[in-house]
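One-based numbering along the sequence shown.
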Amino acid sequence: QVQLVESGGGLVQPGGSLRLSCAASGFTLDYYTIGWFRQAPGKEREGVSCISKGDGSTYIADSVKGRFTIFRDNAKNTVYLQMNSLKTEDTAVYYCAADYWVTTVQEMCVWGGDFGSWGQGTQVTVSS
């Protein structure tokens, strides 16, 4: 059974850090392009960061550039989103997605779409 499970969300003060995890079961993440997305109430889904299969090229949205980093641990079959210098506007539900047929980070993070597998989401709340 193909499954993605996010974890690591929570409540953090502005300026704080969180590391989100996206763990896969039933398939090998290294063969998939992976994306982190977020959706805040009343807003459209945003592609935050993506990492491609193969060469591992990455995309970081302008809204989080310099603060968020995406990386993959193949031994743990997990993709992480390290979030530093968090702002109140980062508050959202964060989802990870995986797709075997998507080969570029632009296709996943910029063009968007309905990808093969999604996690259940993890809430990130940045508040003082």
Listing, residues 119-127 side-chain donor-acceptor contacts under 3.5 Å, not counting sequence neighbours, or none:
from : atom 1 : to   : atom 2 : distance (Å)
Q120 : NE2    : E6   : O      : 3.1
T122 : OG1    : G9   : N      : 3.2
Q123 : NE2    : A92  : O      : 3.4
Q123 : NE2    : T125 : OG1    : 3.3

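- The ring-ring contact (aromatic ring centres under 6.0 Å, His included) test applied to Y59 returns no partner, not counting sequence neighbours.
- No side-chain heavy atom of L4 sits under 4.5 Å from any side-chain heavy atom of W118.
- K43 is linked by a salt bridge (charged side-chain N to carboxylate O under 4.0 Å, His left out) to nothing, counting only residues two or more places apart in sequence or in another chain.
- Under the rule for a side chain to side chain donor-acceptor pair (under 3.5 Å), the partners of D55 that lie at least two apart in sequence or sit in another chain are S52, S57.
- Sorted by first and then second residue, the disulfide bond (SG atoms under 2.5 Å apart) pairs involving residues 80-116 (not counting sequence neighbours) are C22-C96, C50-C109.
- To the nearest 0.5 angstrom, R72 atom CZ is 4.5 Å from I51 atom CD1.
- A salt bridge is defined here as a Lys NZ or Arg NE, NH1 or NH2 lying under 4.0 Å from an Asp or Glu carboxylate O, and K87 with D90 fails to meet this definition.
- Remark: K65 NZ to I60 CD1 distance equals 8.0 Å, nearest 0.5 Å.
- Sorted by first and then second residue, the side chain to side chain donor-acceptor pair (under 3.5 Å) pairs with a member in residues 17-26 read S17-N84, R19-Q82; sequence neighbours excluded.
- Looking at residues two or more places apart in sequence or on another chain, you find no side chain to side chain donor-acceptor pair (under 3.5 Å) involving T69.
- Side-chain heavy atoms closer than 4.5 Å link hydrophobic residues (I, L, V, M, F, W, Y) into clusters, and following such links, even through other members, never connects M108 to L29.
- Not a single side chain to side chain donor-acceptor pair (under 3.5 Å) links T78 to another residue, sequence neighbours left out.
- Not less than 6.0 angstrom separates the ring centroid of W36 from the ring centroid of F68.
- Here the straight-line distance linking atom CD1 of I34 with atom CD1 of I70 works out to 8.0 Å at 0.5 Å rounding.
- Linking ILVMFWY residues whenever their side-chain heavy atoms come closer than 4.5 Å, directly or via other members, places V12 and L20 in the same cluster.
- Residues in residues 92-111 take part in these side chain to side chain donor-acceptor pair (under 3.5 Å) pairs, two or more places apart or across chains: R38-Y94.
- Judged as a ring-ring contact (aromatic ring centres under 6.0 Å, His included), and not counting sequence neighbours, the contacts of F27 are Y32.
- Following chains of ILVMFWY side-chain contacts shorter than 4.5 Å, one can reach V48 starting from V79, so the two form part of one hydrophobic cluster.
- Scanning for salt bridge (charged side-chain N to carboxylate O under 4.0 Å, His left out) contacts around D114 gives an empty result, with sequence neighbours left out.
- In plain terms, the two heavy atoms of G47 and A61 that are nearest each other are O-CB, 3.5 Å.
- A donor-acceptor pair is defined here as one N or O able to donate and one able to accept, closer than 3.5 Å; no such pair exists between the side chain of R45 and the backbone of Q39.
- Alongside F71, the hydrophobic cluster contains Y80 (criterion: ILVMFWY side chains under 4.5 Å).
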